[in-house]
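When a ligand or atom number is given, it counts from 1 through the structure's own listing order. Counting from 1, the numbers follow the sequence of the chain as shown.
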Amino acid sequence: MVPCTWKFTKVFTTRILDDGVIEEKDQARIEDKNLHIVFVLGGPGSGKGTQCSKIVDTFGFSHLSAGELLRREMSSDTEIGAMICDTIKEGKIVPSEVTVKLLHKHMEANENNKFLIDGFPRTDENRVAFEQFIGVEPVFVLYFECPEEEMVRRVLSRNEGRIDDNIETIKKRLKVFRKLNLPVINHYSARGKVHKINAVGTIDGVFDNIRSHFVAYECFNIAPLQAGRSDLIHAST
Ligand SMILES: Nc1ncnc2c1ncn2[C@@H]1O[C@H](COP(=O)(O)OP(=O)(O)OP(=O)(O)O)[C@@H](O)[C@H]1O
Ligand SMILES: O=c1ccn([C@@H]2O[C@H](COP(=O)(O)O)[C@@H](O)[C@H]2O)c(=O)[nH]1
């Protein structure tokens, strides 16, 4: 599968506002966007969310943290919310169908076509579900390498009140990471898509290593697609 280049069409959503005014909003369907997806993977506390904010500011991607979307859904007073809560407390993985639907919903509602998907796919089953349902593979994958002691230290001092930031759950999350998440990284590694990032160092120092991968990608894959930028392809070959 290649980065998808389906034709661009629009759908119109109609909404009646409180004052009776009819609002028509044109929205690009996800199937019709020329998507550029980067998966951001690494163990708990390796710094994925922190670096995603910097990538958003510098390269104009939209950030979708699968964990954050699930935590928001968890606060809804529904059966699914309760199931997500139990799963997260145990450091286990929420069924693919739930997570992929949430990601799809947010990608469709967002006009951007460049997405950082943080903390997903967690399992091979997640990966296959995403590729089949969304119909696209990532253009590349960032993998944050960080020693486990450092990840534990960071998570325990994060102080955001998360139900899974305690030593018992962290041990379970690390086990799940080794067993289920590493095979996903190996899958993409075998396809030459993984950029390993040394996640130890200052936040700006780590970002310096990440930056070059986005600069190279934008230069060869995004800028040339924009009208009048084909000169960049020729200039660099
Ligand atoms: N390079 C760094 N050096 C020291 N601390 C860092 C660094 N990067 C992030 N942190 C801190 O470590 C904690 C975890 O970072 P962050 O939330 O970005 O990790 P994450 O990989 O997104 O975690 P999770 O998968 O558990 O959501 C935060 O408190 C953050 O401020
Ligand atoms: O795709 C996903 C992402 C996350 N989860 C669950 O959420 C927690 C927290 O995720 P973070 O990425 O660390 O914010 C994770 O331990 C899983 O329980 C998931 O099931 N599927």
Flag for [Y]-[X]: side-chain donor and acceptor within less than 3.5 Å:
X: Asp124; Y: His187; answer: no
X: Ser62; Y: Asn112; answer: yes
X: Asn186; Y: Ser189; answer: no

Do me a favour and list the nearest non-hydrogen protein atom to [atom] with residue, atom name and distance?
atom: atom 28 (C) of ligand 1; result: Arg158 CD, 4.2 Å
atom: atom 1 (N) of ligand 1; result: Gly201 O, 2.9 Å
atom: atom 20 (P) of ligand 1; result: Lys48 N, 3.5 Å
atom: atom 19 (O) of ligand 1; result: Gly47 N, 3.2 Å
atom: atom 30 (C) of ligand 1; result: Thr50 OG1, 3.7 Å
atom: atom 4 (C) of ligand 1; result: Arg154 NE, 3.7 Å
atom: atom 22 (O) of ligand 1; result: Gly49 N, 2.9 Å

Under 6.0 Å between the ring centres of [X] and [Y]?
X: Phe133; Y: His104; result: yes
X: Tyr188; Y: Phe140; result: no
X: Phe115; Y: His106; result: no

**OP:** Compare Ile203, Leu41, Val40 and give the one whose heavy atom is closest to atom 8 (N) of ligand 1.
**Re:** Ile203

Original post:
To the nearest 0.5 Å, how far apart are CZ in Arg127 and CZ in Arg122?
Top reply: 16.0 Å

Original post:
Out of curiosity, Asn221 CG to Asn34 CG, how far, rounded to the nearest 0.5 Å?
Top reply: 10.0 Å

Original post:
Between Phe59 and Phe214, how do the two ring planes meet: parallel, tilted or perpendicular, split at 30° and 60°?
Top reply: parallel

Is a donor on one side and an acceptor on the other found under 3.5 Å between the side chain of [X] and the backbone of [Y]?
X: Thr169; Y: Glu90; result: no
X: Lys114; Y: Val38; result: no
X: Ser212; Y: Asp208; result: no

Is [X] close to ligand 1, meaning an N/O of one under 3.5 Å from an N/O of the other?
X: Ser46; answer: yes
X: Arg162; answer: yes
X: Val206; answer: no

Could you list each N/O atom of ligand 2 together with any protein N/O atom closer than 3.5 Å, one pair per line with the distance?
| residue | atom | partner | partner atom | Å |
| --- | --- | --- | --- | --- |
| ligand 2 | 10 (O) | Arg122 | NH2 | 3.4 |
| ligand 2 | 12 (O) | Arg122 | NH1 | 3.0 |
| ligand 2 | 12 (O) | Arg122 | NH2 | 3.4 |
| ligand 2 | 13 (O) | Arg162 | NH2 | 3.2 |
| ligand 2 | 13 (O) | Arg173 | NH2 | 3.4 |
| ligand 2 | 14 (O) | Arg71 | NH1 | 3.0 |
| ligand 2 | 14 (O) | Arg71 | NH2 | 3.3 |
| ligand 2 | 14 (O) | Arg162 | NH2 | 3.3 |
| ligand 2 | 18 (O) | Lys92 | O | 2.6 |
| ligand 2 | 20 (O) | Val94 | N | 2.7 |

Are any of the heavy atoms in [X] under 4.0 Å away from ligand 1?
X: Val155; answer: no
X: Gly119; answer: no
X: Gly67; answer: no
X: Met151; answer: no
X: Arg173; answer: yes

Subject >> Atoms in ligand 1 flagged as close to Pro44, the criterion being non-hydrogen separation under 4.0 Å >> reply: 25 (O), 26 (O)

